[in-house]
Amino acid sequence: MAMAASRLLWASRAASYLKISIFPRAFSTVLKDLKYADTHEWVKVEGDSATVGITDHAQHHLGDVVYVELPEVGSSVSQGKNFGAVESVKATSDIYSPVSGEVVAVNDGLGDEPGLVNTSPYESGWIIKVKVSDSGELNSLMDDAKYSKFCEEEDSKH
């Protein structure tokens, strides 16, 4: 028993010296073919159409989503501007558009099942579809590698 305790103590000291965690951490899912905003929204672009939602990282920090405020179809959204909100058991968080354009569809299924944002943030939990007005805006968004690093750095501050 003393041998196991001394190994654990040694491993803990080695981990501390190397500045690594000996506790397992759960990392959020980040998909490769998407672009990400620093406000934790994702966008999937197909032609001039973009599907927008909140990231797995965001939904994890929010907790169980109980309500999603959606914009009207036909309304305009602008990159970096608020278009709705997600209310969870922990907090209410604004949703910002990663691209500018016209809202061509909203996920009406979130009215009955807002928890889809938690269980399927990149598929069934999408929030709006936008007809993109300026595809150049995509260049200011992060790819999967940059977003993963951004999340790790953000989490290390808390």
Side-chain angles (χ1 to χ4, degrees), residues 19-158:
K19 294 183 173 39
I20 59 174
S21 174
I22 60 169
F23 302 103
R25 287 185 56 184
F27 288 101
S28 301
T29 302
V30 177
L31 302 183
K32 286 188 186 268
D33 297 331
L34 305 179
K35 293 285 198 172
Y36 299 89
D38 60 6
T39 49
H40 302 288
E41 291 83 16
W42 59 264
V43 60
K44 180 178 183 177
V45 179
E46 297 169 296
D48 68 347
S49 176
T51 304
V52 175
I54 68 166
T55 65
D56 189 38
H57 182 85
Q59 72 78 23
H60 177 76
H61 283 277
L62 281 168
D64 293 337
V65 173
V66 295
Y67 178 74
V68 180
E69 178 186 316
L70 300 169
E72 296 289 322
V73 171
S75 61
S76 293
V77 292
S78 299
Q79 186 180 48
K81 302 290 184 199
N82 169 298
F83 70 80
V86 176
E87 187 177 321
S88 74
V89 294
K90 289 183 183 178
T92 298
S93 180
D94 288 334
I95 310 169
Y96 298 91
S97 185
V99 293
S100 299
E102 178 187 348
V103 177
V104 295
V106 297
N107 188 348
D108 291 323
L110 297 177
D112 293 331
E113 290 186 79
L116 290 171
V117 170
N118 297 114
T119 59
S120 182
Y122 300 115
E123 298 291 332
S124 305
W126 64 274
I127 296 172
I128 62 172
K129 292 185 188 264
V130 176
K131 182 177 181 188
V132 178
S133 60
D134 181 2
S135 61
E137 291 177 337
L138 296 168
N139 296 328
S140 66
L141 300 174
M142 293 178 267
D143 64 12
D144 59 301
K146 285 183 183 171
Y147 181 68
S148 291
K149 185 170 175 49
F150 175 79
C151 291
E152 287 177 30
E153 289 171 357
E154 191 175 74
D155 285 349
S156 71
K157 293 175 187 174
H158 298 332

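Side-chain contact between D38 and M142 is present, with at least one heavy-atom pair separated by less than 4.5 Å. Using a 4.5 Å cut-off on side-chain heavy atoms (C-beta onward), K35 and P98 make no contact. When side chains are defined from C-beta on, S93 counts as touching L62, because their heavy atoms get closer than 4.5 Å. Taking 4.5 Å as the limit, some side-chain heavy atom of Y147 sits within range of a side-chain heavy atom of H57. At least one side-chain heavy atom of Y96 sits less than 4.5 Å from a side-chain heavy atom of N82. Side-chain contact between I127 and N107 is absent, with no heavy atoms from C-beta onward closer than 4.5 Å. A 4.5 Å side-chain heavy-atom check between Q59 and V86 finds every atom pair outside the cut-off. A 4.5 Å side-chain heavy-atom check between T39 and D94 finds every atom pair outside the cut-off.
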Q | Full working for side-chain contact (heavy atoms from CB on, under 4.5 Å) between V52 and F83 | A | CA-CA 11 Å; V52 175; F83 70 80; 4.3 Å; yes
Q) Run the side-chain contact (heavy atoms from CB on, under 4.5 Å) check on V43 and L138 step by step: do they pass? A) CA-CA 9 Å; V43 60; L138 296 168; 4.3 Å; yes
Q) Could you walk me through whether S100 and Q79 pass the side-chain contact (heavy atoms from CB on, under 4.5 Å) check? A) CA-CA 5 Å; S100 299; Q79 186 180 48; 3.7 Å; yes
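The minimum heavy-atom distance between W126 and A105, with the atom names listed, is CZ3-O, 4.1 Å. The nearest pair of heavy atoms linking S88 to G63 is CB-O, 4.0 Å. In this structure, P114 and Y67 approach most closely via the heavy-atom pair CB-N, 3.8 Å. In plain terms, the two heavy atoms of P71 and S75 that are nearest each other are CB-OG, 3.7 Å. Closest heavy-atom contact between V99 and V77: O-CG2, 3.7 Å. Across every non-hydrogen atom of L70 and L110, the tightest pair is CD2-CD1, 4.4 Å.
One distance of note links CG of L116 with CD of E123; it measures 11.5 Å at 0.5 Å rounding. In this structure, D48 CG and D134 CG are separated by 12.5 Å, a value rounded to the nearest 0.5 Å.
When only modelled atom types and interatomic distance are considered, K129 and T51 share a side-chain donor-acceptor pair under 3.5 Å. With hydrogens and angles left out, the side-chain atoms of E113 and T119 include no donor and acceptor closer than 3.5 Å.
Around atom CD of E102, more than 12 heavy atoms belonging to other residues, nucleotides or ligands sit under 6.0 Å away.
Checked options H61, H60, E154; the residue passing with H40 is E154 (criterion: side chain to side chain donor-acceptor pair (under 3.5 Å)).
In this structure, the side chain of S148 does not engage the main chain of A145 through any donor-acceptor pair within 3.5 Å. Between the side chain of W42 and the backbone N or O of Y36 there is no donor-acceptor pair closer than 3.5 Å.
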